[in-house]
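What follows is a set of notes on a single structure, which appears directly below.
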Amino acid sequence: MAMIFRMIILLMLIVSIIMTAFNVNQTKPTATIGQWVKLNTTGVPIANWSGPWSCILDKNTGLIWENKDDNEGIHDANWTYSWSDGQGLGIENRGDCNFDNIRCDSQDLIRLARQEKTCGLSQWRLPTAEELITLINNTPPAGDPVIDTDFFSNTKRGAYWTADSRQPLKGFYRFLGQGATTISFIKGKKTATPYRNAAYVRLVTSERK
Amino acid sequence: MRLNLSWVFMHTLLILIVIINLLTGLRIAAVHRPEVMLWSAFLPQGSLHSLHFSLGVTLLTLSLGYSFYRLYAHRFLQSPKRDKTQTRYHKFIILLGYTCLCILLLSGSLLYLGILPTDLLLNSHYVAALVLLVYIPLHAGSYFVQYGIKLFSTIFIASNQARKANVNFILCSIILGIGLFIFLSKTAPQTLIAHKIDISQYIKIDGHANEKIWASIKPQVVHTFGGANFNNGSTDIRVKVVQNEIEAFFHISWDDTSHSLSHLPLHKTKTGWQVLENGFYHFDEKTYYEDKFAIIISNNCDFAAANTAHLGPKPLADKPANWHGKGYHYTTDKSTTDQSIVDLWQWKAVRTNNMILMDDNYIGGPAQVRAGKRRYTAGYQTDAKQSGAYVMNWQWYKPNGIVPKRIPLDTSVLQTTGNNLQYDKLFPVLPWDDTKPYRAEHDTFAIGSTLPSVLYRSNRFEGDRADVRAFARWNDGQWSLELSRKLVTGSQYDISLKENVCLWFAAFDHSQTAHTRHVRPLQLKFR
């Protein structure tokens, strides 16, 4: 009788091990929630691991940022722009893009993004230096720009324009008088840059969806 | 009945070794045996190879000690007769256990030494381990059924007979084990000789290896195992190294019956474009992938690729699980000094061969988690590059359909490719400037058309990531790879090629992560 009892215990132990193995779910990765939210072309939030996306919402500041792509449209990350406010300050059409017959300046991108209503929004503008610096991530993978490229895809290791104009130029460019502030995404450095220079642009809007 | 101290000591140690090594061994096997993943929840995770090998050496010591015990125990250790407890059934089962242990020890030792082709050894090791798994309930379970819990006092509490002789026997066994450990640790790496050549001697990195120097060197043969798609998962890798005090040159060849250049091709179906895949969603593609070859270089000669292989779905408690459940590569020292990073070069038959490069990567400490990154790779990272890249030809990867990023300017490429994935007709990469952005309204491609998935944004990487020049050719079931790198690059993400650094080699047969492996590293010696 005791032997039968012990045999039942042994069998139950073996069966429970096998059943547990079949029933335990394998560990799978799950997305974590962070500071950034991807928005699709109409401005609808999508999951972190989804794509493609056109804008990024910063949950900390409430700002919505333009995402860059590589499809040769107006948001292509390779295009460069001179700085212009469209009202006489700055230098027009000294950057390189292929969406305009002539060359490009920052107002061209602002105008086209507003016309297109990128992410359903129409108040696109250049960010201030203070705003653009909030994108800096000082611990990127080796050689990457100092930004979270999983959200801000196609970001270049180069200078991006801000709206901060009338900045006194220093050193070699002193003779040009004033320029606008750029933020470099190589190391996050802030520099007064001549309006005529070609730099990248990432637009921002404070609108709420 | 009480058994003597030596028997209790050996039996208890055997129980521990068998349990731990079955668990660690099955976790190691799970990397290339998907059926073992079913038991993943019960298996340990992390750095397990050294523990497995160490307990293997302990088991070898135990078997030598037990042989001595069986021959001489009756003379001085006062071993009691146990005929009453050992029925014919138990004797048969114990014989089965001994047989399994002998096979495990023999196959494990030969796998460790790496001097014979591995497929039969690896299968024998695995089958013997499975039989041993069944042996446990047949042996221990049947004794439990027969005697109940009083069995535990019999096998774990020793008698006081011949106490001094038993203690001496145990001490001698421990000394033997320590001696074996020291001997094996000193002979762990195999030697790989880097022959000296004159700096004027020209070696063209073209995969032909037709320079005279290569013919004059005997290759070091490495038997590797555990890869996907190779015959029985195994292939032999032949390595030759020369150096001219500035650069090192390697000629490496390995057997691979299939020349695989079909890398995640885009295929047009009735419902749209699809990536042809078999496991890519879980980062474990095993069908539509290019051939690859990897070399790990480290100042650390520990087992398991300088102790960077950490097995299991979630070996790091505070980091994400991996998709394939196999594990991660990372170092346990978080600083990135020369001692703590491990250099990793990856040659890729499509993505880097046309750049005449190996992808220069490294293994460091576990990287920080990034919310937007679906695949966490722990310590496996790429070196920095100044420019140049390949990108995948889809706007965003989805398993149920994609939109191509670009299409060829000259659509005759598609006509030659068509629906046919024969390697010699497939155009493996698309140069960026020979393509234009995909527009749905211009998509007139026939159902069944196939597009390459790799777009070259430029001819090659530039910067740290481009330190290793390499080119390979496939001919008659064999890849021939020539490569060179400076002995010292000056990069914080590279390991200098110098006396006593250790190397590991791995081949991939159209698989993303399922590579072959070998146990003992090869240690570089300059001659």
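Source: prediction; values computed, not measured. Chain A is the first sequence line, chain B the second, and so forth, proteins listed ahead of strands; every chain is numbered from 1.
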- prompt: Has A/K59 got more than 12 heavy atoms of other residues, nucleotides or ligands less than 6.0 Å from its NZ?
  reply: yes
message: Does A/E130 have more than 12 heavy atoms from other residues, nucleotides or ligands lying within 6.0 Å of its CD?
response: no
task: List the atom of B/A321, the atom of A/P29, and the distance in Å for their closest heavy-atom pair.
output: O-CG, 3.1 Å
message: At a heavy-atom distance under 4.5 Å, which candidate from A/A2, A/G34, A/G51, A/A142 has the highest pair count against chain B?
response: A/G51
- line: What one should report as the nearest heavy-atom pair of A/K38 and B/W396 is NZ-CH2, 3.7 Å
query: Measuring heavy-atom distances to chain B, does A/I17 have an atom under 4.5 Å in its side chain, in its backbone, in both, or in neither?
result: both
- prompt: Does B/W323 offer a backbone N or O that forms a donor-acceptor pair with the side chain of A/K28 under 3.5 Å?
  reply: yes
- request: Tell me, for B/D464 versus chain A, whether the close heavy atoms (under 4.5 Å) come from the side chain, the backbone, both or neither.
  value: neither
task: State whether the number of non-hydrogen atoms from other residues, nucleotides or ligands found under 6.0 Å of A/K190 atom NZ is greater than 12.
output: no
- request: Please round to the nearest 0.5 Å and tell me the distance separating atom CG of A/N71 and atom CD of B/Q395.
  value: 7.0 Å
- prompt: Pick from A/Q35, A/R6, A/R157: which one has the most heavy-atom pairs with chain B under 4.5 Å?
  reply: A/R6
- request: Heavy-atom distances under 4.5 Å only: say whether A/T139 touches chain B with side chain, backbone, both or neither.
  value: both
- prompt: Of the listed residues (A/G73, A/A31, A/S50, A/A47), which shares the most heavy-atom pairs with chain B below a 4.5 Å separation?
  reply: A/S50
- prompt: Which bit of B/W394 comes within less than 4.5 Å of chain A, counting heavy atoms only: side chain, backbone, both or neither?
  reply: neither
message: Assess the residue pair B/R374 and A/N48 against the criterion (side chain to side chain contact (heavy atoms under 4.5 Å, CB included)); give the C-alpha distance rounded to whole Å, side-chain angles, the decisive distance to 0.1 Å, and a yes or no.
response: CA-CA 8 Å; B/R374 186 168 163 263; A/N48 277 356; over 6 Å; no
message: Rounded at 0.5 Å granularity, tell me how far OG1 in B/T382 sits from CG in A/D144.
response: 7.0 Å
Chi angles and distances behind the side chain to side chain contact (heavy atoms under 4.5 Å, CB included) call for A/L13, B/F144: CA-CA 13 Å; A/L13 182 69; B/F144 169 73; over 6 Å; no
message: Tell me if a side-chain donor or acceptor on A/W49 pairs with a main-chain N or O of B/A371 at a distance below 3.5 Å.
response: yes
field: Top of A/I8, A/T149, A/N137, A/I18 for chain B proximity - count of heavy-atom pairs under 4.5 angstrom
entry: A/I18
Interface residue of largest heavy-atom contact number with chain A, from B/G372, B/A367, B/P437, under 4.5 Å: B/G372
field: Between NZ on residue B/K373 and CG on residue A/D148, distance to nearest 0.5 Å
entry: 9.5 Å
- prompt: Any idea which heavy atoms bring B/V145 and A/M7 closest together, and the distance?
  reply: CG2-CA, 3.8 Å
Which atoms of B/R439 approach chain A - backbone, side chain, both or neither, heavy atom under 4.5 Å: side chain
- request: Begin from the C-alpha positions of A/E72 and B/R406 and carry the test salt bridge (charged side-chain N to carboxylate O under 4.0 Å, His left out) through to its verdict.
  value: CA-CA 11 Å; A/E72 300 182 14; B/R406 295 177 80 83; 2.8 Å; yes
- request: Using the side chain to side chain contact (heavy atoms under 4.5 Å, CB included) rule, take B/F42 and A/T20 through it: C-alpha gap first, then chi angles, then the decisive distance, then the call.
  value: CA-CA 9 Å; B/F42 292 112; A/T20 308; 3.7 Å; yes
statement: Taken to the nearest 0.5 Å, the spacing of B/R370 CZ from A/W36 CH2 works out to 13.5 Å
